[in-house]
Enquirer: 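Input: one structure, supplied below.
Nothing fancy with the numbering, it's 1 onward along the sequence.
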Amino acid sequence: MKRVSTYALVPGMKVAEDVYNYNKQLVLPKGTILTDDVITRLEFYSVIQVYITDETSSDNAPELLDPDVPHPSFSERLQQSAQFIEFKKEYEDQVSDFRNTLNDVIRKNTDLNQDDLLHHIQNLVTGSPGPGGLFDMLHNMRQYNDATYTHCINVSLICNTFGKWLSLPDKDIDTVTLCGLLHDVGKLMVPLGILNKPSKLTESEFNIIKRHPINGYRVLKNLHIDPAVCNAALFHHEKCDGSGYPYGLTGERLDPFTKIVTIADIYEAMTCARIYRGALCPFRVIALFEEEGFQKYDTKYILTFLSHVAETYLSYRVRLSDGSFGEIVLINRHRLSRPLIKCGSEFIDLSKRRDLEIDCII
C-alpha cells in the first residue's frame with residue numbers, strides 16, 4: 001500500500017486501510033473505491049492522508065504538483081487539520097502539567113505518580129494517527145520554548161512508538177515510555193544561560209552540562225519509581241563503544257531501556273530546532289547515524305528504529321539539495337538515508353547520486 005495526501009487522491013483509487021477522523025470515528029472502511037464525493041467527504045472530516053493499494057496507485061497516481069504553483073505543503077495542511085489542532089491542545093496541556101509536576105519534585109521533594117504520568121502520555125499517543133502520524137505531529141510541534149519539558153515528552157512518545165516497533169510487552173513499553181519522560185530531569189538544574197547559550201560552551205560550562213545525568217539520577221533514586229528509569233537518567237549519554245559520559249561505559253554495561261532512550265534522545269534532539277541551529281531533516285539524521293557506522297549503538301535497536309522512521313516517510317514529497325521536488329517511492333534497505341525519489345517522470349536513486357541528498361520534507 002501507499003500513503004497519499006488527500007489533495008493528491010483521484011477517483012478509482014482503492015482504500016487499503018480503515019480511515020478514521022480525529023475522534024476515532026470510522027470515515028471510510030478498507031476497500032472503498034474513491035469517487036469525487038468520497039474524496040470531498042475526506043476533506044470535510046479533515047483527513048489529510050490515506051493509504052491506498054499499490055495496484056490502483058501505480059497507474060492512477062497523478063504527477064507531482066508543479067512546485068512553482070502555490071499550494072499548501074503537507075505541513076501546512078497538517079497544522080490546519082482538526083486532528084492536529086486537538087493534538088496540539090492536549091500536548092500543551094501535558095507540557096504545562098509535566099512542568100508543574102517536575103518543579104514540585106525538585107523544589108518540594110514530592111513523589112511521582114507513575115500511573116498518572118503514563119496516563120498523560122497515553123492520551124497523546126491515542127490522539128495521534130498511528131506511529132507515522134505521531135512523528136508527523138512532533139515534527140510540527142517545534143515552536144515551544146520549554147525545551148527540556150517538551151524534549152522529555154517528545155522522547156517519551158518516541159520511546160513508546162519504538163517499543164511497539166520492537167514488539168515489547170506492554171509492561172516494558174510503559175517502562176521505556178517512563179524512562180524517556182524522565183531521562184533529562186537533571187537538565188532542570190543546569191543554569192538556563194548555559195542550556196540556551198548560542199555559542200560554543202567553555203570547558204567548565206560543558207562540565208556542568210555533563211553532570212546533568214548524575215543530578216537527574218540523584219533526584220529520581222529517592223522516589224518510588226522503577227530502577228530502570230533511574231538508570232536511563234544516569235546512563236542515557238553513554239555509548240556502546242565507551243565514548244559517552246559520565247562514566248564511559250560500554251554496551252554490555254547498559255540495559256535495553258537505556259539503549260532505547262539513548263537513540264530516541266539523540267533523534268529527537270537532532271530533528272528539533274535549537275538556538276544555535278535549525279532542525280535537521282529526518283533523512284539527514286539517519287545519514288549521521290549511518291556515518292557513525294552504528295558502533296555507538298546496539299545494532300538490534302538502531303537498525304529497527306532507523307528503518308521504521310524511514311518507512312514513515314514513504315510517499316512523502318521532498319525537496320532535494322539541488323532545489324528539485326520529488327516523492328519518496330522506495331526505501332533503500334542498505335542505505336536508509338538515500339531512498340529512490342520520483343521527480344516528475346524521472347526516478348533518482350540517491351544511493352547512486354552522491355551529489356544529491358534530501359534537503360527537507362515538504
Side-chain angles (χ1 to χ4, degrees), residues 78 84 87-88 90-91 94-95 98 117-144 146-168 170 172-185 187 216 228-229 231-233 235-237 239 254-274 279-289 294 296-298 300-313 316 336-337 361:
L78 177 66
F84 180 82
F87 181 88
K88 180 181 177 183
E90 181 70 22
Y91 184 96
Q94 299 312 329
V95 170
F98 184 56
L117 291 175
L118 287 170
H119 176 70
H120 291 320
I121 295 300
Q122 192 57 42
N123 285 342
L124 290 173
V125 172
T126 56
S128 64
L134 175 60
F135 276 70
D136 289 336
M137 295 291 188
L138 294 183
H139 193 66
N140 285 276
M141 299 290 289
R142 301 305 195 189
Q143 69 272 34
Y144 296 99
D146 294 331
T148 298
Y149 303 104
T150 57
H151 172 67
C152 286
I153 287 178
N154 292 350
V155 170
S156 181
L157 291 167
I158 292 171
C159 284
N160 184 278
T161 298
F162 195 173
K164 293 171 183 174
W165 286 340
L166 292 166
S167 300
L168 297 182
D170 289 344
D172 288 350
I173 291 176
D174 286 345
T175 299
V176 78
T177 300
L178 199 59
C179 287
L181 187 62
L182 298 172
H183 79 286
D184 241 0
V185 65
K187 282 276 186 72
V229 179
N231 288 339
F235 300 136
H236 68 277
H237 281 291
K239 301 294 189 295
L254 305 173
D255 66 75
F257 297 116
T258 295
K259 292 177 179 179
I260 291 170
V261 171
T262 297
I263 293 169
D265 173 50
I266 294 172
Y267 178 84
E268 201 286 329
M270 295 177 76
T271 54
C272 182
R274 290 289 185 261
L280 298 182
C281 169
F283 282 92
R284 178 56 184 148
V285 176
I286 293 173
L288 291 173
F289 276 112
F294 304 135
K296 296 181 184 297
Y297 316 97
D298 191 314
K300 170 184 175 182
Y301 299 119
I302 189 64
L303 291 179
T304 297
F305 181 75
L306 295 181
S307 62
H308 276 84
V309 168
E311 288 287 351
T312 66
Y313 293 106
Y316 274 50
L336 295 167
S337 62
I361 297 167

Enquirer: Looking at every non-hydrogen atom in both residues, tell me the closest pair between His236 and His183 and how far apart they are.
Expert: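 That would be CE1-O, 3.1 Å.
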Enquirer: Assess, by modelled atom type and distance only, whether the side chains of Asn154 and Tyr267 contain a donor and an acceptor separated by less than 3.5 Å.
Expert: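 Tyr267 and Asn154 do not have a side-chain donor-acceptor pair below 3.5 Å.
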Enquirer: Report yes if some heavy atom in the side chain of Val176 is under 4.5 Å from a heavy atom in the side chain of Asn160; otherwise report no.
Expert: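 The answer is no; the side chains never approach within 4.5 Å.
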Enquirer: Mind checking what makes salt bridge (charged side-chain N to carboxylate O under 4.0 Å, His left out) contact with Asp298, not counting sequence neighbours?
Expert: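 Partners of Asp298 under the salt bridge (charged side-chain N to carboxylate O under 4.0 Å, His left out) test: Lys259.
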Enquirer: Report the residues that fulfil side-chain contact (heavy atoms from CB on, under 4.5 Å) with His237, sequence neighbours left out, ordered by chain and then residue number.
Expert: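 If we apply the side-chain contact (heavy atoms from CB on, under 4.5 Å) test to His237, skipping adjacent residues, the hits are His212, Pro213, Tyr245, Asp265.
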Enquirer: Who pairs with Phe162 by ring pair (Phe, Tyr, Trp, His ring centres under 6.0 Å), at least two apart in sequence or on another chain?
Expert: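 Expected list: Phe305.
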Enquirer: My understanding is that only residues two or more places apart in sequence, or in another chain, count here; which of them pass salt bridge (charged side-chain N to carboxylate O under 4.0 Å, His left out) with Glu311?
Expert: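 Expected list: Arg333.
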Enquirer: Which residues pass the ring pair (Phe, Tyr, Trp, His ring centres under 6.0 Å) test with Tyr301, not counting sequence neighbours?
Expert: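 Counting only residues at least two positions away or on another chain, Tyr301 forms no ring pair (Phe, Tyr, Trp, His ring centres under 6.0 Å).
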Enquirer: Could I get the full list of side-chain contact (heavy atoms from CB on, under 4.5 Å) partners for Leu118, not counting sequence neighbours?
Expert: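 In terms of side-chain contact (heavy atoms from CB on, under 4.5 Å), with neighbours along the sequence ignored, Leu118 is linked to Asp174, Thr177, Leu178.
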Enquirer: Answer whether the closest heavy-atom distance between the side chains of Ile153 and Leu124 falls below 4.5 Å.
Expert: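 Yes. Closest side-chain heavy atoms under 4.5 Å.
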Enquirer: Please report the closest heavy-atom contact between Val261 and Cys179, naming both atoms and the distance.
Expert: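 So the minimum-distance heavy-atom pair works out to CG2-CB, 3.6 Å.
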Enquirer: What pairs with Leu288 under side-chain contact (heavy atoms from CB on, under 4.5 Å), at least two apart in sequence or on another chain?
Expert: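 So Leu288 forms a side-chain contact (heavy atoms from CB on, under 4.5 Å) with Met270, Leu280, Arg284, Glu291.
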Enquirer: Who passes side-chain contact (heavy atoms from CB on, under 4.5 Å) against Ala264, sequence neighbours left out?
Expert: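 side-chain contact (heavy atoms from CB on, under 4.5 Å) check on Ala264 returns Val155, Ile158, Cys159.
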Enquirer: How would you list all residue pairs meeting salt bridge (charged side-chain N to carboxylate O under 4.0 Å, His left out) that involve residues 152-161, not counting sequence neighbours?
Expert: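 Listed by first then second residue: nothing to list.
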Enquirer: Just to verify, what does Lys187 make a salt bridge (charged side-chain N to carboxylate O under 4.0 Å, His left out) with, not counting sequence neighbours?
Expert: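 Expected list: Asp184.
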Enquirer: Could you work out, with ring pair (Phe, Tyr, Trp, His ring centres under 6.0 Å) as the rule, every residue matching Phe235, not counting sequence neighbours?
Expert: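 With sequence neighbours excluded, Phe235 shows a ring pair (Phe, Tyr, Trp, His ring centres under 6.0 Å) to no residue whatsoever.
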Enquirer: Indicate yes or no: at least one non-hydrogen side-chain atom of Lys164 is less than 4.5 angstrom from one of Val125.
Expert: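 Yes. Closest side-chain heavy atoms under 4.5 Å.
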Enquirer: Can you list everything that forms a side-chain hydrogen bond (donor to acceptor under 3.5 Å, both in side chains) with His308? Sequence neighbours excluded, please.
Expert: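 So His308 forms no side-chain hydrogen bond (donor to acceptor under 3.5 Å, both in side chains) with any residue.
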